[in-house]
Amino acid sequence: MYHEFEKNIARRAETTNARALIENVSRRGFIGGVLKTSGVVLALQIIPGGAAGAYDAYPTGAAGMPRGVVNDPHAYVAIDADGIVTIVAHRSEMGTGAKTSLPMVVADEMEADWARVRVIQAPGDEPRYGNQDTDGSRSVRHFIQPMRECGAAMRSMLESAAAAKWGVDRSLCRAKQHHVVLLKKGKGDGEKIETETRLGFGELATAAMSQPVPPRDKLEFKKPEDFRYIGKGKTQIVDLHGITVGSAVYGADVRLPGMKYAVIARPPVVGGKIKTYDAAATLKVPGVEAVHEIEGSMPPAKFAPLGGVAIVARSTYAAMQGRDALTIEWENGPHAGYSTAAYRDEMSATAKKPGKVIRNQGDPDAAFSGAAEVFSGEYHQEHVAQAPMEPPVAIARITDGKIEVWAPAQSPYGAREDIAKALNVPIENVTVHVTLLGGGFGRKSKCDYMIEAVQLSKKLGGTPVLLQWTRDDDLRHAFYHTTSVERIEAALDKAGKVVGWRHRTVAPSILSTFAADSGYQFNIEYGMGFADMPFEIPNIRCENGQAFAHTRIGWFRSVSNIPRAFAVQSFVAELADKLGRDPKDLLIELIGSDRTIDPKAAGMPEDFWNYGEPYPQFPIDTARLKNVVEVAADKAGWGKKLPAKQGLGIAAHRSFVSYVAMVVHAEIDAGGIIRVPEVTAVIDCGFYINPERIRSQIEGAAVMGMSTALYSGITFKDGQVEQSNFNDFEVARMTNFPQKVTVHIIEPTSPSHYPTGVGEPGVPPFAPALCNAIFAATGKRLRSLPTGEKIDA
Amino acid sequence: MLTITVNGQDRQFDGDPNTPLLWFVRDELGLTGTKFGCGAGLCGACTVHVDGVAVRGCMTTVSEASGKQITTIEGLSADGNHAVQKAWRELNVPQCGFCQAGQIMQAASLLTKNRAPSDAEIVEEMGGNICRCGCYQRIHAAVRLAAGGV
């Protein structure tokens, strides 16, 4: 998503341009020898066309993404003479299953037998593959159509090749499970019967690849009932075996001849510089070979390295030992005063004052001045580090001016652009190979560690170098999830009805990493559970108070939705308690009538951000939101009697254009530890392709939600991060995690329920549902994340 | 010169005897299935077996491992079909997969000493292995499944 941050795009997604721009396909960037296409590569495009086959094309936000989408089989599919079908995964695999799910769509549409499909990972090459920024829960929602088109085109080309060989019309050729079968006319009108004559995909490979790529309006798509893999949940992830035997390749697992190992000592305060350093002891450490200064940066510097001193050695351990022996005196710079406690107080004070108006509907001033009572709540969250299990790592090599990088990269083409810029070389001279990502969660969207590795290789005359971040580095030098105060006030009339809603958000903005800091957030952050708040209340105002950043703010799985869902959904339950209402009933009542919210009539900002999607196709649909609430309540047995110190809490949130509700069952054990025996989760993500991975994503989101709710916080003192490893930056472990997460996937009830996000939307509802459950169990309200795992009850 | 037996093969090492086993197997032997997650014995990503018992590769030195049988994920089973590995695949446990070698080694060690662990015993044994993707529900289930087949 960072291109949006970088450019601060303040515009609604293009809705008139019906299809994403399809780029020219060129041979440039072709992976030498990996993809053995059997024919000539034709730079043909599948032009957007009218309805055909089983579904109509619909616009998505892919049109607004850099380099849009590509659906050309020549870019994505290769067939060997022995029949092995190679399909390119162009999005990064960090645990969501994207590397499996998208190629599976191609395979299904082209009638390839998955057992004879090989998936390979693309390097960063967006002109060839379309957008590769694996972020924003977008891979399926932006690429299901191009992947279906790609597969359908490939199937058509195979059938045409068979038709030419047999000298029959293509209508008598049908691709089926890795073969094309010759049909003959049956007795009935239009009836066709399969004959014994068939040709394998391998036999047709060369001829098929030489066929013209049919235009989109000539494509025939499979009908849902004919899908073999889509929607079935029976396809295992392609790296499953490798993961279980230790052969799967992550960032640090690539080995190059003559490769050195390095770590960097970075300034403890963002924007800090080296005053002096003494590397004499470092250079005496056995295995240490060199010490180099790395140039730093002062925010806003996007993903530029922080700078510091790099230690190059013949093993990672020697490099780490060398760093321990280094003496550095730092000049801390302007952010040395950043302290979490004082900053929270400032944010809280700001939230009590009027801020910049972002959304205004009705007359909130009158509603509040005429209110019988005003009820308020304030909610806080500390910074969080993404802390993927694989800390950042990159390998770089420079040969004859050509830069090669191997890295776990969420956005390999973005990394290429940034590396080219940082090193002042043409982008053609930079290659970024994508390994598996040992978790990403937004951290690996930022290519600072790749730039560091390249800068270091350059200092080493191009020698291959593996730059390893330690866990300490990862926690102390992240691009942090913002810290925030969200304050909500409700104006109540005499009957206890909510007639006015005021929400103030105060949090340092991601934009400060990209541009001069105004202290204000921007449309993308406003669009995440704040300005898009879906309640049917006549008078609504959303305000943003200033908060200036003193560290690098980045994004973490589901981003600002975490504090917003926490605030809004906790507040509803608090209000229900005050009014003596059932929290679920009040939530349903506040969401209000079944409707598609009109952003303009609701006073939402002109540049209202709908996760980059065209609003008419991906509107805020209150019926779908209420439905996930009702299903979750029903499946969880909402209202059931529970023993003492146990309770149910509910929360629902729309994010990444999906709808998720969760009921959390909390229990306070004899030692006062908050435990979660069960979570009932319901997701409406429209048309879905891999329910098994959707379940795993939501199970994982509940665990990450638990980490964020109870355990994980990054705090600053004197500008420095206070945490250094998993002892003080805690995450959920098997000793305390949501024991049983049951995931219900809503079946789409309309063809317009297009695929929507899955990777992120499971996270936001967890913390409020948990805190609401804790309240139900104990009568205690927790308003600050992380809460800690213990409660006096 | 130290001799360490890794996956049944004798390996020599004449570097710093305090080098953690993790970095010995990764950087010296090129056995990259064992992962670096924290370097402080806090996450379990580097779990290997010393004489069949799970230890943290980042906290065990090569000198401590000298003369002992070390098993990494690559050597857990000749064909990759240890009961734990099979259970992991059957239940589709991994998401990103990075921590799973450590999880599998920990689970295999548990099941060697305890063929039928209780839920509490699984939690106690596996509690030191972090999975940031949050696969615990399936890890727990896979350990139970594997317990039948070890």
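Since the structure is predicted, the reported quantities are computational estimates derived from the model, not experimental observations. Letters A, B, ... mirror the listed sequences (proteins, then strands); counts begin at 1.
- If you measure heavy-atom distances from B:Phe24 to chain A, you find no contacts under 4.5 Å at all.
- Proximity to chain B is limited to the backbone of A:Leu437, based on heavy atoms less than 4.5 angstrom apart.
- Taking each heavy atom of A:Ala387 and A:Asp474 in turn, the nearest pair found is CA-OD2, 3.3 Å.
- For A:Pro257 against A:Pro464, the heavy-atom pair with the smallest separation is O-CG, 3.5 Å.
- Of the two parts of B:Asp16, only the side chain, counted from C-beta on, holds a non-hydrogen atom closer than 4.5 Å to a non-hydrogen atom of chain A.
- When heavy atoms are compared at a cutoff of 4.5 Å, B:Leu31 does not approach chain A at all.
- Highest contact tally toward chain A, considering only B:Glu28, B:Gln95, B:Gln103, B:Lys86, is held by B:Gln95 [criterion: heavy-atom pairs under 4.5 Å].
- Nearest heavy atoms, A:Ile264 versus A:Arg323: O-NH1, 2.7 Å.
- If you measure heavy-atom distances from B:Ile104 to chain A, the contacts under 4.5 Å come from the side chain alone.
- For A:Gln739, the part lying near chain B is the backbone, with the side chain staying farther off; criterion is any non-hydrogen pair under 4.5 Å.
- Looking only at heavy-atom pairs under 4.5 Å with chain A, the residue among B:Lys35, B:Glu74, B:Arg89 that has the most is B:Arg89.
- The distance from atom OG1 of B:Thr32 to atom CG of B:Asp27, rounded to the nearest 0.5 Å, is 10.0 Å.
- The neighbour count for A:Lys234 NZ, taken as heavy atoms of other residues, nucleotides or ligands under 6.0 Å away, does not exceed 12.
- For chain B, the nearby parts of A:Met389 are the backbone and the side chain; heavy atoms of each come within less than 4.5 Å.
- For A:Ala318, no part sits under 4.5 Å from any heavy atom of chain B, backbone or side chain.
- Counting only N and O atoms by type, the side chains of A:Tyr261 and A:Gln468 include no donor and acceptor under 3.5 Å apart.
- The parts of A:Ser696 that come within reach of chain B are both its backbone and its side chain, each placing non-hydrogen atoms under 4.5 angstrom from that chain.
- Highest contact tally toward chain B, considering only A:Thr735, A:Asn727, A:Val731, A:Asn725, is held by A:Asn725 [criterion: heavy-atom pairs under 4.5 Å].
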query = Could you go step by step and tell me if B:Glu125 and B:Gln106 meet the side-chain hydrogen bond (donor to acceptor under 3.5 Å, both in side chains) rule?
reply = CA-CA 7 Å; B:Glu125 179 83 10; B:Gln106 192 72 39; 3.0 Å; yes

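- Heavy atoms of B:Asn18 lying under 4.5 Å from chain A belong to its backbone as well as its side chain.
- Between A:Val703 and B:Arg132, the closest side-chain pair of non-hydrogen atoms is not below 4.5 Å.
- Between B:Trp23 and B:Phe36, the ring planes are tilted. Angles from 30° to 60° get that label.
- Looking only at heavy-atom pairs under 4.5 Å with chain A, the residue among B:Pro94, B:Gly80, B:Ala45 that has the most is B:Pro94.
- The pair A:Asp669-A:Arg675 counts as a salt bridge, with a side-chain nitrogen and a carboxylate oxygen less than 4.0 angstrom apart.
- Of the possible polar contacts, one joining the B:Gln85 side chain to the B:His82 backbone as a donor-acceptor pair under 3.5 Å is found.
- Per-residue heavy-atom pair counts under 4.5 Å with chain B were compared for A:Ala732, A:Pro738, A:Ala248, and the maximum is reached by A:Ala732.
- When heavy atoms are compared at a cutoff of 4.5 Å, A:Val393 does not approach chain B at all.
- Among A:Met706, A:Met94, A:Arg255, the residue making the largest number of heavy-atom pairs under 4.5 Å with chain B is A:Arg255.
- With hydrogens and angles disregarded, a donor-acceptor distance shorter than 3.5 Å links the side chain of A:Gln697 to the backbone of A:Gly95.
- Summarising the geometry of B:Thr71 relative to B:Met105, their closest heavy-atom pair is O-CE, 3.3 Å, with the distance given to 0.1 Å.
- Most heavy-atom pairs under 4.5 Å with chain B: of the set A:Gln386, A:Arg557, A:Lys99, this distinction falls to A:Gln386.
- Between the side chain of A:His665 and the backbone N or O of A:Val679 there is no donor-acceptor pair closer than 3.5 Å.
- Classified by interplanar angle (parallel below 30°, tilted 30° to 60°, perpendicular above 60°), the ring pair A:Tyr229/A:Trp114 is tilted.
- Residue B:Arg138 touches chain A through its side chain alone, counting heavy-atom pairs closer than 4.5 Å.
- Considering only heavy-atom pairs separated by less than 4.5 Å from chain B, the leading option among A:Glu692, A:Gln321, A:Met320, A:Glu93 is A:Glu692.
- Looking at A:Phe737, the atoms closer than 4.5 Å to chain B (heavy atoms on both sides) all sit in the side chain, from C-beta outward.
- Contacts with chain A were tallied for B:Gly75, B:Gly33, B:Gly127; B:Gly127 has the most, counting heavy-atom pairs under 4.5 Å.
- Using a 4.5 Å cut-off between heavy atoms, B:Glu124 makes no contact with chain A at all.
- Looking at B:Cys135, there are no atoms closer than 4.5 Å to chain A (heavy atoms on both sides), in backbone or side chain.
- Between chain B and the options A:Ile237, A:Ile243, A:Thr96, heavy-atom pairs under 4.5 Å are most frequent for A:Ile243.
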